[in-house]
Enquirer: 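Take this structure first; my questions come after.
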Amino acid sequence: MKKYNKNIKNKIGIEKKEKEFGKEFWKPGNMLYPLPAVMVSCADKEKTNIITIAWTGTVCTNPAMLYISVRPERYSYEIIKNSGEFTINLTTKKLASAMDFCGVKSGRNVDKWKEMHLTQGKGKKIKAPFIVESPVNIECNVVNILELGSHHMFLAKVKGVHIDKTLLDKNGKLCLEKAGLVTYSHGFYYDLGKIVGKFGYSVKK
């Protein structure tokens, strides 16, 4: 009986907490925000293009691997599928307009490099170009394509990274916070805010 009463009290306590925070239960949806907003450059034998991607992330440290998810109807999809490579270009506040343009305009109809005055850098390990104006460029080789539904996931190995020297301190440490990176959340772009903590700070003595 005591255990029963304790369970009742716990349930009432949980319900009270949920009510306090005003929780609602929604149908399944992509609510993992914010996300990195990146420009992905790609090329095959005939064409080159830039596509803006938010469905991207890290999947493994060693070997270094990441992914991008692309709708099959997008112009860049076939380019990446056929070439088996792409470059992720991190975006900044200065590149925000170009990033948005590359997300809403199709490479079928417009040369995004020309329209946004972006410079094609030559890849070191792959043929896909990188965006010189971007502070960090990540060259990738596709190792698998997962056809998940509305989007297909390109799982890729990182072959090399280009870093702006202006982001390195005197000891060669990368200070990415100086770049002014942007994120994406529910249709809006945001610049990264102030530091609220450092890894391990919650247990540091």
Side-chain angles (χ1 to χ4, degrees), residues 2-40 52-70 86-96 99 125 130-131 134-144 146 148 151 153-205:
K2 288 183 179 181
K3 185 177 180 181
Y4 176 78
N5 290 335
K6 185 177 180 181
N7 289 338
I8 292 295
K9 287 181 180 180
N10 287 340
K11 184 177 180 181
I12 293 173
I14 292 171
E15 290 176 349
K16 183 178 180 181
K17 206 68 166 179
E18 288 181 347
K19 187 176 182 180
E20 178 185 342
F21 282 89
K23 293 292 185 179
E24 291 185 5
F25 186 73
W26 288 8
K27 66 180 181 180
N30 293 323
M31 302 299 291
L32 187 60
Y33 291 102
L35 296 164
V38 301
M39 290 189 285
V40 174
T52 298
I53 294 288
W55 293 173
T56 181
T58 299
V59 295
C60 188
T61 300
N62 186 21
M65 296 182 69
L66 48 72
Y67 80 92
I68 60 171
S69 289
V70 186
F86 59 85
T87 299
I88 286 182
N89 306 274
L90 301 192
T91 53
T92 64
K93 288 182 283 186
K94 290 182 179 180
L95 289 170
M99 171 187 62
K125 297 293 184 178
F130 65 88
I131 300 173
S134 167
V136 177
N137 321 94
I138 309 169
E139 297 187 4
C140 303
N141 270 138
V142 178
V143 296
N144 198 5
L146 303 177
L148 303 175
H151 291 68
M153 177 188 289
F154 290 92
L155 190 62
K157 281 187 177 180
V158 176
K159 304 303 292 183
V161 183
H162 303 264
I163 303 287
D164 278 11
K165 292 181 180 179
T166 57
L167 298 179
L168 303 178
D169 66 13
K170 60 182 180 180
N171 298 315
K173 178 185 175 183
L174 176 61
C175 303
L176 200 52
E177 68 276 6
K178 295 180 180 179
L181 300 178
V182 297
T183 60
Y184 173 83
S185 181
H186 298 283
F188 293 89
Y189 307 114
Y190 299 88
D191 60 343
L192 294 178
K194 297 179 180 179
I195 296 175
V196 296
K198 182 181 179 181
F199 180 76
Y201 83 101
S202 63
V203 296
K204 185 177 180 180
K205 295 181 180 180

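Everything numeric in this text was worked out from a predicted model, so none of it was measured.
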Enquirer: Could you walk me through whether Thr56 and Leu35 pass the side chain to side chain contact (heavy atoms under 4.5 Å, CB included) check?
Expert: CA-CA 8 Å; Thr56 181; Leu35 296 164; over 6 Å; no
Enquirer: Looking only at heavy atoms, which two atoms of His151 and Ser69 are closest? And how far apart?
Expert: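 What the structure gives for the nearest pair is CD2-O, 3.7 Å.
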Enquirer: I'd like a table of donor-acceptor pairs (distance under 3.5 Å, sequence neighbours excluded) in which one partner is a side-chain atom from residues 86-95, with atom names and distances.
Expert:
unit_1, atom_1, unit_2, atom_2, d
Asn89, OD1, Ile131, N, 2.9
Asn89, OD1, Asn137, ND2, 2.9
Asn89, ND2, Met39, O, 2.9
Asn89, ND2, Ser41, OG, 3.0
Asn89, ND2, Thr87, O, 3.3
Thr91, OG1, Ala37, O, 2.4
Thr92, OG1, Lys94, N, 3.4
Thr92, OG1, Leu95, N, 3.4

Enquirer: Are Ser185 and Tyr190 side-chain neighbours, meaning at least one heavy-atom pair lies under 4.5 Å?
Expert: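 Yes, at least one pair of side-chain atoms sits under 4.5 Å.
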Enquirer: If we ignore hydrogens and angles and just use 3.5 Å, is the side chain of Asp169 paired with the main-chain N or O of Asn171 as donor and acceptor?
Expert: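 Yes, the answer is positive, given that a donor and an acceptor are paired below the 3.5 Å cut-off.
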Enquirer: Using side-chain heavy atoms (C-beta onward) and a distance below 4.5 Å, is Trp55 in contact with Asn30?
Expert: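 They are in contact (side-chain heavy atoms under 4.5 Å apart), so the answer is yes.
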Enquirer: To check you understand the geometry: which heavy-atom pair defines the closest contact between His162 and Glu139, and what is its length?
Expert: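 Closest heavy-atom pair between His162 and Glu139: NE2-OE2, 2.7 Å.
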Enquirer: For Leu174 versus Leu168, what's the shortest heavy-atom pair and its separation?
Expert: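 Nearest pair, atom of Leu174 first, then Leu168: CA-CD2, 3.9 Å.
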Enquirer: As an exercise, state the distance from SG of Cys140 to NZ of Lys159, rounded to the nearest 0.5 Å.
Expert: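 The NZ atom of Lys159 is 10.0 Å from SG of Cys140, to the nearest 0.5 Å.
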Enquirer: Measuring from atom CG of Asn141 to atom CG of Leu155, what distance do you get when rounded to the nearest 0.5 angstrom?
Expert: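 Interatomic distance, Asn141 CG to Leu155 CG, rounded to 0.5 Å: 12.0 Å.
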Enquirer: Tell me the closest heavy-atom pair linking Tyr189 and Tyr184, and the distance in Å.
Expert: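 Looking at all heavy atoms of both residues, the shortest contact is CE2-CD1, 3.7 Å.
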Enquirer: List the atom of Asp164, the atom of Ser134, and the distance in Å for their closest heavy-atom pair.
Expert: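 Taking Asp164 first and Ser134 second, the nearest heavy atoms are OD1-O, 3.7 Å.
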